[in-house]
Amino acid sequence: MLYFKKKDIMFTGIQPTGLLTLGNYCGTMYRWRNIQKDYQCFFCIADLHSLTTFKIDNSKYCFSSNILDMVALYLSCGVDPTNSVIFLQSHVYTHSQLYWILSNFVYFGELSRMTQFKKRLLYNNTQINLSLFSYPVLMAADILLYNTNCVSVGLDQKQHIELVKKIALRFNSIYENIFIIPDILIESIGSKIMALQNPKKKMSKSDINVDNTIFLLDKIDVICLKIKQSLTDSDNPPQIVFNPKKKPGISNLLSIFSSLTNTDISILEKRFKFYQYSSFKKILSDVICDTIFKIQQSYIYFRKNEDYLIDILKSGKKTALNYSKNNLKKIFSVLNLV
Ligand code: TRP
């Protein structure tokens, strides 16, 4: 079990459904290595959240290959298990307990206004279960159980975190100031990467057109091809300028470049002013492949050692459980549930 130094707490999580994408990387994972210097970090694998859309049918589920892939990818992005906690959400029962308590502090109207939920409803309104509706309440439990000071997420999760803050404030106004109100850590550029063939929608791991998405474990030559074939805008003469409304294709590629190289978009616009789309794409594809190749090299290294990955989850479970149990106790106590 880890013992913590006195630092602010950062919490983040990703669902273990399918493989992670460049969108996940630019949205939050790219900052994981460095953020550990400033924060005590909790990295959650949010498997209870993925129950909302996917059925678990593997009897050895909790250490199934999907989960171990995630642990190996977390490590490959620089998470250091000797300083940070990596854990599986379903291993820590306190999350579902706090979830129920918090569901008493959020209104039907508030959850109905969540855009992610509304989109799901539009897409398929016959198989919407309660958990899809109450999804952000479980996020609230995840975050608030750990006295979290800041949450690192992509732009698509911003609305959920705003609701988490509201729930915490509401609870605090009735009971003692039990919860810390977390800040949201979101980059303005790169936190929302769009689909390569349709840059008006988000890059998603569940897209049926695989050419829309760069997966962190895609073969390098496949990545080059996906970038080469990505949709750019049909303006004449072609210009490399950032304008997401008028030129969503090239703007998306500029965002990826900016995010991976930590360079301002305005600098990139100047640098590539006289470039053709094809030469810009070639340089971008080198940048992407370079980053992803390094991740893949360490992924191969970590993924081979399953015992090590399982140990990380076991130890993460102990630390997360121990830490969150104390907080849950306080919450039970203010509610007179002891
Ligand atoms: N909902 C997040 C996603 O789909 C995953 C998640 C679950 C999360 N709990 C969280 C993210 C708590 C941040 C904090 O990406």
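First listed ligand is number 1; within each ligand, the first listed atom is number 1.
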Asks: Mark up the atoms of ligand 1 that fall under 4.0 Å of a heavy atom belonging to Y135, in ascending order.
Replies: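 Those atoms are 1 (N), 2 (C), 3 (C), 4 (O).
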Asks: Which of the atoms in ligand 1, numbered in the order shown and given with their element, are less than 4.0 Å from a heavy-atom of V151?
Replies: 13 (C), 14 (C)
Asks: Is the shortest N/O to N/O distance between D142 and ligand 1 below 3.5 Å?
Replies: yes
Asks: Assess the residue pair I67 and I45 against the criterion (side-chain contact (heavy atoms from CB on, under 4.5 Å)); give the C-alpha distance rounded to whole Å, side-chain angles, the decisive distance to 0.1 Å, and a yes or no.
Replies: CA-CA 8 Å; I67 301 293; I45 298 173; 4.3 Å; yes
Asks: Under 3.5 Å, N or O to N or O, is Q157 touching ligand 1 that way?
Replies: yes
Asks: Side-chain contact, heavy-atom cut-off 4.5 Å: I331 with L337?
Replies: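 Of all side-chain heavy-atom pairs linking L337 with I331, none is under 4.5 Å.
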Asks: For the residue pair F280 and F257, does the interplanar ring angle fall in the parallel (under 30°), tilted (30 to 60°) or perpendicular (over 60°) class?
Replies: parallel
Asks: Where on D156 is there a heavy atom closer than 4.0 Å to ligand 1, on the side chain, on the backbone, on both, or on neither?
Replies: neither
Asks: Identify, by atom number and element, the atoms of ligand 1 in contact range of H49, meaning under 4.0 Å from any of its heavy atoms.
Replies: 7 (C), 9 (N)
Asks: About how many Å separate OG1 of T263 and CZ of R271, when rounded to the nearest 0.5 Å?
Replies: 7.5 Å
Asks: Give me the nearest non-hydrogen protein atom to atom 12 (C) of ligand 1 as residue plus atom name, then the distance to 0.1 Å.
Replies: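 Scanning the protein heavy atoms, the shortest distance from atom 12 (C) of ligand 1 goes to F11 CE2, 3.6 Å.
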Asks: List every atom of ligand 1 that sits less than 4.0 Å from any heavy atom of I143, numbering the atoms from 1 in the order shown and giving each element.
Replies: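 The atoms of ligand 1 under 4.0 Å from a heavy atom of I143 are 12 (C), 14 (C).
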Asks: If you count the atoms of ligand 1 from 1 in the order shown, which ones are under 4.0 Å from a heavy atom of V153?
Replies: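 In order of number, 11 (C), 13 (C).
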Asks: With rounding to the nearest 0.5 angstrom, report the CE to CD distance, M114 to Q159.
Replies: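 Answer rounded to 0.5 Å: 4.0 Å.
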Asks: Of all the atoms in ligand 1, which lie at a distance below 4.0 Å from a heavy atom belonging to A46?
Replies: 7 (C)
Asks: Looking only at N/O atoms, are Q89 and ligand 1 under 3.5 Å apart anywhere?
Replies: no
Asks: Are the ring centres of Y146 and F87 closer than 6.0 Å?
Replies: yes
Asks: Are side-chain heavy atoms of D80 and R33 found at a separation under 4.5 Å?
Replies: no
Asks: Looking at OG1 of T94 and OH of Y99, how far apart are the two atoms once the value is rounded to the nearest 0.5 Å?
Replies: 15.0 Å
Asks: So, applying side-chain hydrogen bond (donor to acceptor under 3.5 Å, both in side chains) with K226, which one of D218, D221, D211, N212 is it?
Replies: D218
Asks: Under 4.0 Å, heavy atoms only, figure out whether ligand 1 is touched by the backbone of L138, its side chain, both or neither.
Replies: neither
Asks: Starting from atom 6 (C) of ligand 1, find the nearest protein heavy-atom neighbour and note its residue, name and distance.
Replies: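 It is G13 O, 3.8 Å.
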